[in-house]
Amino acid sequence: MDFENKKCEICGKKAEIFLFGKFLCKNEKCIEEAKKLSMARHKFRVVAVGSTNPVKIEAVKEGFEKVLGAVEVIGVDVDSNVSSHPIGLEETYLGALNRAKNAFEKVQCSYGVGIEAGLIEVGGHYIDIHVCVVFDGVKETVGLSQGFEYPKIVAENVLKGIEGGKTAEEISGIKDIGKNIGLIGYLTDNNITRKDLCRDSVIMALIPRMMKNIYLY
Ligand SMILES: O=P(O)(O)OP(=O)(O)OP(=O)(O)OC[C@H]1O[C@@H](n2cnc3c(O)ncnc32)[C@H](O)[C@@H]1O
Ligand SMILES: [Mg+2]
């Protein structure tokens, strides 16, 4: 980036860095001021989630607040236009993208967000992964969660067309497990919950939207 003749947008001295969407000198006070101004820009924004699953809605709220600041999150029932338990990264991504775009169309919002859990196979192991897509009406950004290996019976049932959540309920004895701690919560004694996986995927999808990164994407 060319800093020739560029002035710090806070104090007017020679600019040496580009941060929070501003040319800045390296003075701590200027950097702090620019950070405050950039956060102030992210006042209440409406974010529409393409799901009514409380785990996903809460995860989107926490992920956005961690990265972009205060938001109002609304969950809406939309079609993913993929199977109920997608297999393969491509189909899972498509489900998340469709949810994000459909939610964006349904609600007057700044961002539409889709989170889709899918099953990916690697080396004969079946991994549960969450894909998040954030759509702003023009471009989408994408992120993935940590993945964990599904117990064999769960993976086999998904391949037979039985949603993972159903088998997960049988294994754990927890009704609607996909709408609370998730199979991952049961398997890890709540050290990691499904909300954590969903929130991670949201934060990953927001990296390209952080002020300091925008010009890199
Ligand atoms: O209402 P939606 O948004 O569809 O919420 P969902 O829980 O069905 O979420 P997905 O469609 O994205 O998930 C596809 C399937 O994967 C299951 N699933 C994924 N991760 C899970 C977990 O950690 N615990 C239980 N089920 C899980 C989920 O229950 C679904 O049957
Ligand atoms: Mg579902």
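When a ligand or atom number is given, it counts from 1 through the structure's own listing order. Count residues from 1 along the sequence.
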Subset of ligand 1 atoms that lie under 4.0 Å from at least one heavy atom of Gly164: 31 (O)
Enter the distance from Leu206:CG to Ser201:OG here, rounded to the nearest 0.5 Å. 9.5 Å
Could you list the atoms of ligand 1 found under 4.0 angstrom from a heavy atom of Ser51? 1 (O), 2 (P), 3 (O)
I need the Ser172 OG to Leu187 CG distance, nearest 0.5 Å. 9.0 Å
Ligand 1 to Asn53, heavy atom cutoff 4.0 Å, flagged ligand atoms 5 (O), 6 (P), 7 (O)
Quick note on ligand 1: atoms under 4.0 Å from a heavy atom of Lys56 include exactly 2 (P), 3 (O), 5 (O), 9 (O), 10 (P), 12 (O)
Please determine whether a side-chain nitrogen of the Lys or Arg among Lys66 and Glu62 lies less than 4.0 Å from a carboxylate oxygen of the Asp or Glu. no
Rounded to the nearest 0.5 angstrom, the OG1-CD1 distance for Thr141 and Ile207 is 9.5 Å
In terms of residue, atom name and distance, what is the protein heavy atom nearest to atom 7 (O) of ligand 1? Arg194 NH1, 2.8 Å
So the atoms of ligand 1 within less than 4.0 Å of a heavy atom of Ile184 turn out to be 23 (O)
Nearest 0.5 Å please: distance from the OH atom of Tyr126 over to the CG atom of Leu119. 7.0 Å
Which of the atoms in ligand 1, numbered in the order shown and given with their element, are less than 4.0 Å from a heavy-atom of Ser84? 11 (O), 14 (C), 15 (C)
Atoms in ligand 1 flagged as close to Glu116, the criterion being non-hydrogen separation under 4.0 Å: 11 (O), 12 (O)
Would the number of heavy atoms belonging to other residues, nucleotides or ligands and lying under 6.0 Å from CD of Glu149 be above 12? yes
Nearest non-hydrogen protein atom, atom 24 (N) of ligand 1: Leu183 N, 2.6 Å
So for ligand 1, is Ala117 a polar contact partner (N or O within less than 3.5 Å, distance only)? yes
His130 and side-chain hydrogen bond (donor to acceptor under 3.5 Å, both in side chains): which single residue from Arg199, Arg194, Glu116 fits? Arg194
Protein contact to atom 18 (N) of ligand 1 [nearest heavy atom, distance to 0.1 Å]: Tyr150 OH, 3.5 Å
Run down the list Arg99, His85, His130, Glu163 and name the one with the heavy atom closest to atom 11 (O) of ligand 1. Arg99
For the residue pair Tyr215 and Phe18, categorise the inter-ring angle as parallel (less than 30°), tilted (30 to 60°) or perpendicular (more than 60°). perpendicular
For atom 20 (N) of ligand 1, which protein heavy atom lies nearest, and how many Å away is it? Asp128 OD2, 3.2 Å
How far is atom 29 (O) of ligand 1 from its nearest protein heavy atom, and which residue and atom name does that atom have? Gly165 CA, 3.4 Å
So, are Arg209 and Asp136 salt-bridged, with charged N and O less than 4.0 Å apart? yes
